[in-house]
*Asks:* 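Have a look at this one.
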Amino acid sequence: MLSQEDIIVTKTDLRGHLTYTNDVFLKISAVAEEQALGSPHNFIRHPDMPAGIYKLLWDSISTRQELFAYVKNLALDGAHYWVLAHATPSYDKHGKHVGYHSMRRSASRGAIAQIEPVYAQMRAAETGLTGRARADASFACLRALLAERDLTYSQWIWRIVEDH
Ligand SMILES: Cc1cc2nc3c(=O)[nH]c(=O)nc-3n(C[C@H](O)[C@H](O)[C@H](O)COP(=O)(O)O)c2cc1C
């Protein structure tokens, strides 16, 4: 179980393969460090997560922007956990882009209750699609839902954070 104080930290190379994991990540993912390092980050992907969120993640961090997102992750023992994740690109001392960094904290029940129906609609928009078409349809659904609420993605996330 993830406690309120826990912070999950991972770092990846430019392809999203793990180069660092803290102990909290290893414990919550039920994975050994030797197994985790070098693996693509998607080995903890939960099937309930819409592809559009990962499109938004990669579109943001690969263009030097940070992203906050609510994420449901899978542990290798079959358990799952919800987090509020922050991901950023990392640079070496010459400013060269060398990889990515992410920190996550446990998400509150109230926040999860706000997020789940939106992600369910995004997943419904993915039905029958694969690859890029799936991610695009899912992301278009998110944009439409946010437009209905007259909110940007950041405004939506921060409203949920503040309310819970
Ligand atoms: C720094 C960083 C952190 C990431 N954290 C997660 C994560 O916690 N859970 C997850 O499923 N994917 C995470 N990803 C995204 C994965 O690389 C991948 O895009 C996602 O799991 C979807 O995989 P798929 O496109 O194979 O379906 C992270 C990527 C980066 C670069």
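Counting convention: from 1, in listed order, for ligands and their atoms alike. Computed over heavy atoms, backbone and side chain alike; hydrogens, waters and symmetry mates excluded.
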*Asks:* Would you say T88 contacts ligand 1, with heavy atoms under 4.0 Å as the rule?
*Replies:* no
*Asks:* Does a side-chain heavy-atom distance below 4.5 Å link L14 with H97?
*Replies:* yes
*Asks:* Looking at S102, which atoms of ligand 1 are within less than 4.0 Å of one of its heavy atoms?
*Replies:*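 Within the 4.0 Å cut-off of S102, ligand 1 contributes 1 (C), 3 (C).
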*Asks:* Nearest to atom 27 (O) of ligand 1, what protein heavy atom do you find, and at what distance?
*Replies:*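 Checked against all protein heavy atoms, atom 27 (O) of ligand 1 sits closest to R45 NE, 2.7 Å.
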*Asks:* Could you check, using the six-membered ring where one of them is a Trp, whether W58 and Y100 have ring centers closer than 6.0 angstrom?
*Replies:* yes
*Asks:* Does M49 approach ligand 1 within less than 4.0 angstrom via side chain, backbone, both or neither, non-hydrogen atoms only?
*Replies:* neither
*Asks:* Give the residue and atom name of whichever protein heavy atom lies nearest to atom 2 (C) of ligand 1, and the separation in Å to one decimal.
*Replies:*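 Looking only at protein heavy atoms, the one closest to atom 2 (C) of ligand 1 is H41 CD2, 3.8 Å.
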*Asks:* Below a 4.0 angstrom heavy-atom separation, can you tell me which part of V83, side chain or backbone, both or neither, approaches ligand 1?
*Replies:* neither
*Asks:* Do me a favour and list the nearest non-hydrogen protein atom to atom 5 (N) of ligand 1 with residue, atom name and distance?
*Replies:*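 Protein heavy atom at minimum distance: R104 NH2, 3.0 Å.
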*Asks:* Write out the residue and atom name of the closest protein heavy atom to atom 19 (O) of ligand 1, then the distance separating them to 0.1 Å.
*Replies:* W58 NE1, 2.8 Å
*Asks:* Considering residues at least two apart in sequence or located in another chain, which fulfil the salt bridge (Lys or Arg N to Asp or Glu O under 4.0 Å) criterion with K55?
*Replies:* D59, D136
*Asks:* Between H46 and ligand 1, is there a nitrogen or oxygen pair with a distance under 3.5 Å?
*Replies:*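 Looking only at distances, the answer is no, because the N/O contact criterion of under 3.5 Å is not met.
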*Asks:* Counting from 1, what ligand 1 atoms have a heavy atom of Y100 closer than 4.0 Å?
*Replies:* 1 (C), 31 (C)
*Asks:* Short list, please: which atoms of ligand 1 are under 4.0 Å from a heavy atom of I61?
*Replies:*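 Answer, ordered by atom number: 31 (C).
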*Asks:* Select the closest option to atom 15 (C) of ligand 1 among L57, T10, N73, judged by heavy-atom distance.
*Replies:* L57
*Asks:* Would you say ligand 1 has an N or O under 3.5 Å from any N or O of T12?
*Replies:*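 No: no nitrogen or oxygen of T12 is under 3.5 Å from one in ligand 1.
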*Asks:* Less than 3.5 Å apart, any donor N or O on the side chain of E126 or S138 sitting next to an acceptor on the other?
*Replies:* yes
*Asks:* Just to confirm my output: which protein heavy-atom neighbour is closest to atom 10 (C) of ligand 1, and how far is it?
*Replies:*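 Ranking protein heavy atoms by distance from atom 10 (C) of ligand 1, first comes Y54 OH, 3.4 Å.
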*Asks:* With heavy-atom distances below 4.5 Å as the criterion, would you say the side chains of F43 and H41 are in contact?
*Replies:*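 F43 does not reach H41 side chain to side chain.
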*Asks:* State, with a plain yes or no, whether a side-chain heavy atom of L57 is found less than 4.5 Å away from one of I53.
*Replies:* no
*Asks:* Heavy atoms, side chains only, cut-off 4.5 Å: are Y81 and S29 in contact?
*Replies:* yes
*Asks:* For atom 23 (O) of ligand 1, what is the nearest protein heavy atom, given as residue, atom name and distance?
*Replies:*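 Residue, atom and distance for the closest contact: N42 CB, 3.2 Å.
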*Asks:* Just wondering, do L18 and K11 contact through their side chains at under 4.5 Å, heavy atoms?
*Replies:*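 Heavy-atom side-chain distance check fails, nothing below 4.5 Å.
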*Asks:* Could I get the full list of ring-ring contact (aromatic ring centres under 6.0 Å, His included) partners for H17, not counting sequence neighbours?
*Replies:*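 Scan of H17 (ring-ring contact (aromatic ring centres under 6.0 Å, His included), adjacent residues dropped) gives none.
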*Asks:* Considering only protein heavy atoms, determine whether one is less than 4.0 Å from atom 25 (O) of ligand 1.
*Replies:* no
*Asks:* Counting only N and O atoms by type, is there a donor-acceptor contact under 3.5 Å from the side chain of H86 to the main-chain atoms of T88?
*Replies:* no
